[in-house]
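Here the structure is laid out as structure tokens; the discussion comes afterwards.
Hydrogens, waters and symmetry mates play no part in the numbers below; they use all other heavy atoms, side chains included. All of these numbers come straight from a predicted model, not from anything done at the bench.
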Amino acid sequence: MTAAPGGNAVFTVKTTGTGVDGAAVAYQWQSQDKVTGEWADVTGATKSSYTVRQVTEDQDGTLYRVVVTGADSQGKEASLYSSSAKLTVAEVPVATATFVDVPKGNEFFKEIEWLAGEGISTGWVLPDGTKEYRPLDSIHRDAMAAFMYRLAGSPAYTAPATSPFSDVATSNQFYKEISWLASTGITTGYGDGTFRPLDNVNRDAMAAFIYRLQGN
């Protein structure tokens, strides 16, 4: 029996005959300790099938069998052991990196993969179809606006015909996202009415953006 980690494995036995005095056949499933080789009853596993729920990797190779108790040809109680069946836990496929410049050994591989999986970051598509994240590049304020908008779930929003900032044209790649950021109060821009979309995001400003995004 093969099951993936977190899945279920179902073992089943088929029997004929009855128990003593016409009673039902009794079942008791057992598992074998992989270290000692000893068999032990599985608590509550007393039906013709037994389900191992939420299989874990450390259960790989565990043997199971069932003790069937019924009546022999003379009507006396007798028990038989089924042949053992092995549980094989399938290997989890190794995650494939989304970005060619962020290998699995990268310190922030998990976090960057999460960004990609949530659609928050799309990276740069190269001519051969692969993608780069460019992890050591700085991020501009317009791209940060796009990240914040996507992190919020890309809410329905119609950008105004007139830009809220003097230096953000309505044709800007991230005009909608920047306008949304302004409409929610997540960004206030600068006192001179600019957003400065191509400036790098400072860490203090990023803290303010995230704080306001959370409704504070």
Side-chain angles (χ1 to χ4, degrees), residues 2-8 53-57 89-216:
T2 301
N8 298 333
R53 302 187 183 280
Q54 296 183 327
V55 169
T56 59
E57 292 181 5
V89 181
E91 292 185 8
V92 178
V94 176
T96 301
T98 301
F99 303 108
V100 295
D101 55 349
V102 183
K104 290 187 283 293
N106 184 285
E107 179 183 5
F108 299 114
F109 175 76
K110 181 176 70 174
E111 292 83 351
I112 293 171
E113 285 294 313
W114 175 81
L115 278 178
E118 293 294 314
I120 296 171
S121 176
T122 57
W124 284 266
V125 180
L126 302 180
D128 62 359
T130 59
K131 293 182 178 182
E132 285 183 344
Y133 181 74
R134 303 176 188 176
L136 300 183
D137 282 5
S138 299
I139 182 170
H140 291 164
R141 286 169 58 87
D142 59 353
M144 187 68 191
F147 285 176
M148 301 297 286
Y149 176 75
R150 296 165 188 162
L151 181 59
S154 299
Y157 174 74
T158 300
T162 301
S163 175
F165 300 108
S166 62
D167 60 345
V168 179
T170 56
S171 59
N172 184 287
Q173 179 183 4
F174 299 118
Y175 174 66
K176 176 180 178 180
E177 291 85 346
I178 294 170
S179 296
W180 172 83
L181 211 65
S183 72
T184 59
I186 295 173
T187 185
T188 56
Y190 291 88
D192 61 359
T194 62
F195 180 72
R196 305 178 191 178
L198 298 183
D199 281 6
N200 292 333
V201 179
N202 292 338
R203 289 169 61 86
D204 56 358
M206 183 180 68
F209 288 169
I210 296 173
Y211 179 78
R212 296 167 188 160
L213 179 65
Q214 294 303 306
N216 298 303

What pair of heavy atoms forms the shortest contact from [X] to [Y], and how long is it?
X      : Y      : value
Ala90  : Ala4   : CB-CA, 4.2 Å
Ala3   : Asn8   : CB-O, 3.7 Å
Phe109 : Pro103 : CD1-O, 3.3 Å
Pro135 : Asp101 : CD-OD2, 3.4 Å
Tyr175 : Pro160 : OH-O, 2.7 Å
Pro155 : Trp180 : CG-NE1, 3.4 Å

Requested in this report: Could you go through the side chain to side chain contact (heavy atoms under 4.5 Å, CB included) check for Val89 and Thr56 one step at a time?
Outcome: CA-CA 7 Å; Val89 181; Thr56 59; over 6 Å; no
Query - All pairs passing salt bridge (charged side-chain N to carboxylate O under 4.0 Å, His left out) where residues 159-179 contributes a residue, at least two apart - result: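 Residue pairs with at least one partner in residues 159-179: there are none.
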Distance from [X] atom [atom1] to [Y] atom [atom2], nearest 0.5 Å?
X      : Y      : atom1 : atom2 : answer
His140 : Phe174 : NE2   : CZ    : 11.0 Å
Phe209 : Phe147 : CZ    : CZ    : 13.0 Å
Asp142 : Asn172 : CG    : CG    : 5.5 Å
Ser179 : Phe195 : OG    : CZ    : 9.5 Å
Leu213 : Met148 : CG    : CE    : 4.0 Å

Show me the side-chain donor-acceptor pairs of residues 112-127 shorter than 3.5 Å, one per line, residues at least two apart or across chains.
unit_1: Glu113; atom_1: OE1; unit_2: Thr98; atom_2: OG1; d: 2.8
unit_1: Glu113; atom_1: OE2; unit_2: Thr98; atom_2: N; d: 2.8
unit_1: Glu113; atom_1: OE2; unit_2: Thr98; atom_2: OG1; d: 3.3

Query raised in the report: Is any side-chain heavy atom of Tyr157 less than 4.5 Å from a side-chain heavy atom of Thr184?
Result: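 Side-chain contact under 4.5 Å: no.
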**Report entry** Neighbour count above 12 (heavy atom, 6.0 Å) for Phe108 CZ
**Finding:**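 Check fails, neighbour count at 12 or below.
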Indicate every side-chain donor-acceptor pair of residues 196-208 with a distance under 3.5 Å to a residue at least two apart or in another chain.
unit_1: Arg196; atom_1: NE; unit_2: Thr194; atom_2: OG1; d: 3.2
unit_1: Arg196; atom_1: NH2; unit_2: Asp192; atom_2: OD2; d: 3.2

